[in-house]
Amino acid sequence: MNHNRLIFFDTTLRDGEQAPGFGMSLDEKLQVAAALVRLGVDVIEAGFPAASPGDFEAVRTIAERCADTTIAGLARCHEHDIARTAEALQNASRGRIHVFLATSPIHREHKLGLDREQVLARIRAGVGRARDLCDDVEFSAEDASRTEPEFLVEAVSAAIEAGATTINIPDTVGFALPAEFGRLFAMLRSEFGDAATFSAHCHDDLGLALANSLAAVANGARQVECTINGIGERAGNCALEEIAMAIRTRPLEFPVAVELDTTQLCSASRIVSSITGSTVQPNKAIVGANAFAHEAGIHQHGVLAHSTTYEIMRPEDVGAAGSSLVLGKHSGRHALRQRIETLGFTLDEDAFDRLFTEFKLLADRKKELHDADIEALALGRSISASGPWQLVSLQTTSGTNTRPTASVELMHPESGVRAEAAIGDGPIDAAFRAIARATEMHELRLTDYQVHSVTGGPDAQGRVTVDCACEDRSLRGHGVSTDTVEASALAILDTVNRFETLQPSRLTNGANR
Ligand code: KIV
Ligand code: ZN
């Protein structure tokens, strides 16, 4: 490995996923992990195994499937967390246990109730235990930027002596300023030299996550922790696409090289945005829809004369160039499979067969199928295929003088075809009510509804994301179609399927009523 290579530690699946509204299913996490592998990140933090069985399973499965990338699991400085993380990583070809403990006086006093000596003892014990179970151990001094510098040195020293190979310095609450954060790294590097790899983990509470991460790199950090689209706790984390392109665009200012395949940045961004249902603002750096758009006449003239007049990066370098239009209704299975694989999706035969049928139906409705259409289909398929309910047909009527109604026919492997109709406040509400009746989800409530266009043009595909609650639980579902009402029905059904997966015995075997 090039010793100047900047190590990209992606925490979309841990810090990103733990933020409210960003929860992902295992299938979705696997799609994100595949996108991160295509980008070439060095470390994927896949979850916090002791936090829930779902996180444990995600770390275990991703570790088994992503053999060429280091997979990290987060653990508090507790025996149980560390053992659980080691267990989740046992089949990883490259596993990392990421142990953390807060070091700042605020956290010591109000959260941990520990004095300095007790914190140091916990670090020694936790890092030492992790090191017994794994050669690659990272220690994070949570709230490092608000820790007394001399105590931070003691904490880092304890972690290195106990065997930590990477030391992460988080600006947990996004409080640091760039010059100050840079000085902290310069001090730590002068104190510890190359005894460990120093890492920066910055939150964006003051909009400074990127500036602070860059200051850290300029002053000796050799790993950055970041997330796709900057998702994460509160205001989020440093966005991977931003730090990668900042260093790529200004290489002389930094003593490191970015060895990612940056042409995958826009695709990774779309996948994360599509899965989380959280749209990227159009003016977002690097991956926003307007990041390379020029509206003002004077700018257009300049860009046409020479792109460097108003563009500091080439759109194709971040994968923002217009997608190819080669697929259409005459394309066959082979072409579709190749495109699906190029886009990084892995589907089994059954899923591919269903996708091919959907592709043909879509190609009848849409003349040109862009990569984004194929991605949307693949994501819709991999996300919603997991449950037992399938939509057979949907009819809705609405108008100025008629009450909106919907009739649905659903198929379930145990209960067969079920048909129901309902009246609602609009066609989507009517479809929701008909689906709730047909699936006997009488308690189901729609708590959030979002629709986004995932591809361009008048025949764009819409992606609908819904949050549905049932009793005390809330789950999110997605649906994709060129028809918004159909996408809504698919999203509602996806949520029902997720509830069904949690509680498979809820259904009665019934005939069509
Ligand atoms: O922000 C933070 O301090 C963290 C640590 C657990 C690394 O996410
Ligand atoms: Zn964090």
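One-based numbering along the sequence shown. As the structure lists them, so they are numbered: ligands from 1, and atoms in each ligand from 1.
Draw a line from the Zn ion (ligand 2) to NE2 of His201 and another to NE2 of His203, and the angle between them is 100° (to 10°).
Only the side chain of His203 comes within 4.0 Å of ligand 1, judged by heavy-atom distances. Residue Thr172 touches ligand 1 through backbone and side chain together, judged by heavy-atom distances below 4.0 Å. Heavy atoms of Glu233 found under 4.0 angstrom from ligand 1: none, in either backbone or side chain.
Checked for salt-bridge contact, Lys284 and Glu241 meet the test: a charged N lies under 4.0 Å from a carboxylate O. By the 4.0 Å N-to-carboxylate-O rule, Arg234 lies too far from Asp204 to be salt-bridged with it. Taking a cutoff of 4.0 Å between a charged side-chain nitrogen and a carboxylate oxygen, Asp143 and Arg146 qualify as a salt bridge. Checked for salt-bridge contact, Glu142 and Arg108 miss the test: no charged N lies under 4.0 Å from a carboxylate O.
At the top of the distance list for atom 4 (C) of ligand 1, counting protein heavy atoms only, stands His201 NE2, 3.5 Å.
If you number the atoms of ligand 1 from 1 as listed, the ones under 4.0 Å from a heavy atom of Pro170 come out as 2 (C), 3 (O). Below 4.0 Å from some heavy atom of Ser140 lie the following atoms of ligand 1, by number and element: 7 (C). Under a 4.0 Å criterion applied to the non-hydrogen atoms of Glu142, ligand 1 contributes the atoms 3 (O).
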Test ring-ring contact (aromatic ring centres under 6.0 Å, His included) on Phe9 and His98 and set out the steps. CA-CA 11 Å; Phe9 176 114; His98 177 189; 5.7 Å; yes
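Atom CG of Leu89 sits about 8.5 Å away from atom CD1 of Ile71, to the nearest 0.5 Å. Distance check: Ser25 OG to Gln31 CD gives 9.0 Å after rounding to the nearest 0.5 Å.
For ligand 1, the polar-atom distance check against Asn168 finds no nitrogen or oxygen pair separated by under 3.5 Å. Taking any N or O of Arg14, backbone or side chain, at least one lies under 3.5 Å from an N or O belonging to ligand 1. Considering backbone and side-chain atoms alike, Asp15 places an N or O below 3.5 Å from some N or O of ligand 1.
Take the N/O/S atoms of Asp15: the one nearest the Zn ion (ligand 2) is OD2.
Side chain to side chain, Asn283 and Asn290 fail the donor-acceptor criterion of an N or O pair below 3.5 Å.
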